[in-house]
Structure formats: C-alpha cells, structure tokens
Amino acid sequence: MKFRKFHMFFRKNLMRRESTQPIMGQQNLGSLESVRQRYQTIKHPTMKLVLTVQDQILTSLREFLRKKGFIEILAPIIGPATDPGIRGAKQVTIQYYDTPFKVMSSMILYKQMMISSFDKVFALSPNIRLEPLESAKTGRHLVEFRQIDLEMVHATYNEAMHLAEALLLSVVREVMENCYEELEGLGRDLRELNPPFPRLTHKEAVERLRSKGHVVSYVEEIPWDAEVALSSMHQCAFFIYDYPLVSRGFYDREDPNRPGILRDFDMLYPEGFGEAISGGEREHTYTGVLKRMKLTGIDPAEYEWYLQMLKEGVPHSVGFGIGVERLTRWICGLKTIWEAVPFPKVPGIVSP
Ligand code: ASP
Ligand code: MG
C-alpha cells in the first residue's frame, strides 16, 4: 500500500514536471543534448532510478562471481598492448615517457596472465574504444565503458555459456526483488528469463537473417542492424556461438576438430537490445597465436610481452566480458546506452 502511494505520487510528479516544467532545461534523456549538459541531466529523477538499479546490478554481479569462486582483481588501464578484436573501433595510444602505450580496449591479455596464478578471476574493467562516428546513431555505443571481464582455467566454452546464463538469471532475479520500485518508476516490465537460453551457431544465425532478407556474411561478425533484427526476434536472451575464424581476435581458439570454426560465443539480449557478452576459449599456444596474428595482419612486434609469456606457457582458459552499461540499459529498458551511465562518452560528442 505504502509503495503504491509512493509510486502514484512519483508518477504524478514526474508527469507534471514533464508536461509543464522542463527539468533544468532538459527532459529527453535519450537526446545528445542530455549528454552535453550532464550536470543538468544527472539531477533528473529517472537518472536516479537508473543509477540505483545499476548499483544493485554491480552488487549482484560481484556477489554471484564470489560465490562461484572468482576473486576480484584490479584492471590495468594502460599497457604496451591491448585487445585488437574490437569490431572496427580504434585503439587509443598515449605517450608513456619514451614508449607508446595503449589505453585498454579490453584487459583480455592480462586475464590470460592472471590465470597462471588464480583459477578464476574477474575485474570491473574500464575500456576505451574509439567507435566510428556513425555508431552514435545506434544508441548502443559508448567510447568509454566498463565490463565485468572474467577468466577461468581449464574450462570449455559450453561451461562459460552456462555460467553467463546463470549470472544473468541471478542479476535479473535480484534486481526484480530489490528494485521493484525503480523498475515500476521506469515503466519497465522485466520478466524472469527462462533457461536454458536458446543457442544458435553463427551459421544458423546468418541463415535465419538471410531468410528475412538481411545481407549478412558467413565469415564476418553480424552487423549492428542485423543483430538488432535478430535480437528483436527473441523474447529471452540467447547465444550465438562458433564464429568463423577471422571474424574475431587472435585469442579465440579454433576448434581442433573443426578447422575454420572458433570455440567462442556472444550472448545477446532480447527485444532488439543486441550484444550483451563476448567470450570464448583461448588460443594459448605461442605458435597458434603467431599463426593467427599473421592471418589477421597483426604485427607480432606489438605484442612482445604477451608472446614471451605464451612462450613460457599459460594454461588453457575460457572467459567472457559483460558490458555493465548495456546490461543496465536492457534491465531498465532504456532507449539509449547513454541513459545508463553517469558520464557518457558518445562517439564524436564532446561532453563532461
Ligand atoms: N575480449 C573480449 C571483449 O572485450 C571479451 C572476452 O573474450 O573475454 O569483447
Ligand atoms: Mg563483442
């Protein structure tokens, strides 16, 4: 009863403000103006609801992983090399005294280092990717984002998909339990997910899209617009697995029994929200990685410490990364990704 009253009061207030009084000159949280004038937007009541849900999401992610035996490590921010598998985005280079350094596009190479010491690790990792300017229009790309990046030793990509599924179920359940007022305030009708989540091979996903008239390739990652279309065909999160060889980073492992196919996956949100997770088993042999670097036109000289580490030997592992802002966006049912982060950096937009 108490909640209903609060909710009606909240709704009324929100509606009154929206119809008559612009909130500090800013109403549309999906607009780019809301990004440029963040010091105003941040006070919007909807923003508070979203960030409260996000706090619960972060707590749930961490608690879930700790219960599964993962330890949290501190992510690197800069280093001599970073993740090249970033779908057409550009890496950022800074001058580190006399040496050019990269700002992490993901900490994948470091996860592989940590796995020599701990069986299961994760980090809340900040990443920078200079996405193409057009991607500002998708409402799904940020230049600066955070992912929960995890890695576990001696496991398969099936086990990783299973873990990803359990992780999402657990986060959704806890948000529904602890943030029902916020979800109501956001008008989000978040349903419990039904496991097991559907799994499509990359080939099956391409076939399904082609049958609906989309132009998609069997040897590349699925383009953003087709991914949205595929995601719109689903009411529950789902996996795409077995990506073709050159479509991903050199670190995703080729299936020894099925040449040309990688033992990797993405998880996608339903309802048109698109990519949630990327992950896979690791190519962890020195010769295997060198071969893959050659195939994808990457200069091994740029990965000196990493190759040296592989030469000395790291264990086989599997891992994935789940973007925190995209998870928040989907859980809260937001139109754009920049509504799911306090200080968004949208491609090409100069903002605080
Ligand atoms: N490096 C991947 C990414 O950032 C995640 C992973 O494969 O673990 O998308
Ligand atoms: Mg990805």
Side-chain angles (χ1 to χ4, degrees), residues 61 65 70 73 75-77 79 81-92 102-115 120-131 135 138 140-153 155-157 159-161 163-164 167 202 205 220-224 226-228 230-231 237-244 247-254 262-269 273-284 289 292 296 298 303 306 314 316-327 330 337:
L61 284 166
L65 290 172
F70 285 79
I73 57 168
I77 294 177
T82 188
D83 185 354
I86 51 175
R87 292 185 85 165
K90 287 207 179 81
Q91 299 178 346
V92 171
K102 301 289 186 197
V103 182
M104 288 301 122
S105 52
S106 95
M107 61 173 293
I108 175 90
L109 311 177
Y110 291 86
K111 290 198 291 183
Q112 275 186 273
M113 185 190 329
M114 279 311 294
I115 217 69
K120 294 179 176 183
V121 295
F122 78 97
L124 177 57
S125 174
N127 295 170
I128 301 284
R129 300 181 186 182
L130 291 179
E131 300 286 353
S135 67
T138 67
R140 294 195 296 156
H141 290 85
L142 290 172
V143 172
E144 176 187 276
F145 69 98
R146 279 150 195 85
Q147 56 178 332
I148 291 276
D149 218 346
L150 65 84
E151 195 75 11
M152 51 185 172
V153 87
T156 65
Y157 70 148
E159 288 168 294
M161 283 189 266
L163 181 80
L167 177 141
H202 179 270
E220 284 165 21
E221 279 208 280
I222 293 163
W224 300 120
E227 193 185 279
V228 168
L230 191 64
S231 156
F238 62 103
F239 291 100
I240 302 176
Y241 65 106
D242 284 354
Y243 279 78
S247 69
R248 309 269 274 206
F250 57 71
Y251 44 76
D252 281 2
R253 177 170 176 241
E254 186 176 13
L262 300 172
R263 293 173 67 83
D264 64 359
F265 63 95
D266 268 10
M267 188 177 84
L268 274 72
Y269 296 121
F273 284 86
E275 182 182 345
I277 288 179
S278 294
E281 288 179 27
R282 306 305 172 200
E283 174 54 70
H284 67 294
V289 166
R292 293 283 296 285
T296 43
I298 284 175
Y303 293 85
Y306 178 69
V314 291
H316 172 253
S317 64
V318 65
F320 63 78
I322 176 164
V324 175
E325 296 85 349
R326 285 185 177 171
L327 176 57
W330 170 67
I337 186 87

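Read the numbers this way: they start at 1 and go in the same order the structure lists the ligands and their atoms. Atoms considered below: every heavy atom in the structure, side chains included; atoms not considered: hydrogens, waters and symmetry mates.
Using a cut-off of 2.8 Å, one finds that Glu275 contributes an N/O/S atom close to the Mg ion (ligand 2).
The option with the heavy atom closest to atom 4 (O) of ligand 1, from among Arg248, Arg129, Glu275, Met107, is Arg129.
A distance of 11.5 Å separates CZ of Phe273 from CG of Leu327, quoted to the nearest 0.5 Å. With rounding to the nearest 0.5 Å, the separation of CG in Asp266 from CD1 in Ile222 is 8.0 Å.
For atom 5 (C) of ligand 1, the nearest protein heavy atom (residue, atom name, distance) is Ser278 O, 3.4 Å. Nearest protein neighbour of atom 1 (N) of ligand 1, counting heavy atoms only, is Asp83 OD2, 3.0 Å.
Within ligand 1, the atoms closer than 4.0 Å to a non-hydrogen atom of Gly319 are 8 (O), numbered from 1 in the order shown. The distance from ligand 1 to the heavy atoms of Ser106 drops below 4.0 Å at these ligand atoms: 1 (N), 4 (O). Which parts of ligand 1 touch Gly279 is read off a 4.0 Å heavy-atom cut-off, strictly below it: atoms 7 (O).
The closest approach between any non-hydrogen atom of Lys111 and ligand 1 is below 4.0 Å. Ligand 1 lies within reach of Arg282, whose nearest heavy atom is under 4.0 Å from it.
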Where do Lys111 and Asp83 land on the salt bridge (charged side-chain N to carboxylate O under 4.0 Å, His left out) test, with the steps shown first? CA-CA 11 Å; Lys111 290 198 291 183; Asp83 185 354; over 6 Å; no

Applying salt bridge (charged side-chain N to carboxylate O under 4.0 Å, His left out) to Lys120 and Glu159, what does each step give before you reach the verdict? CA-CA 13 Å; Lys120 294 179 176 183; Glu159 288 168 294; over 6 Å; no

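The N/O atoms of Asp252, backbone and side chain alike, include none that comes under 3.5 Å of an N/O atom in ligand 1.
Counted by atom type alone, Gln91 and Thr82 present zero donor-acceptor pairs between their side chains at under 3.5 Å.
Note on ring orientation: taking the six-membered ring where Trp is involved, the planes of Trp330 and Tyr269 are parallel (angle under 30°, cut-offs 30° and 60°). Ring-plane geometry between Tyr306 and Phe250 is classed as tilted, the angle between the planes lying from 30 to 60 degrees on a 0 to 90 degree scale.
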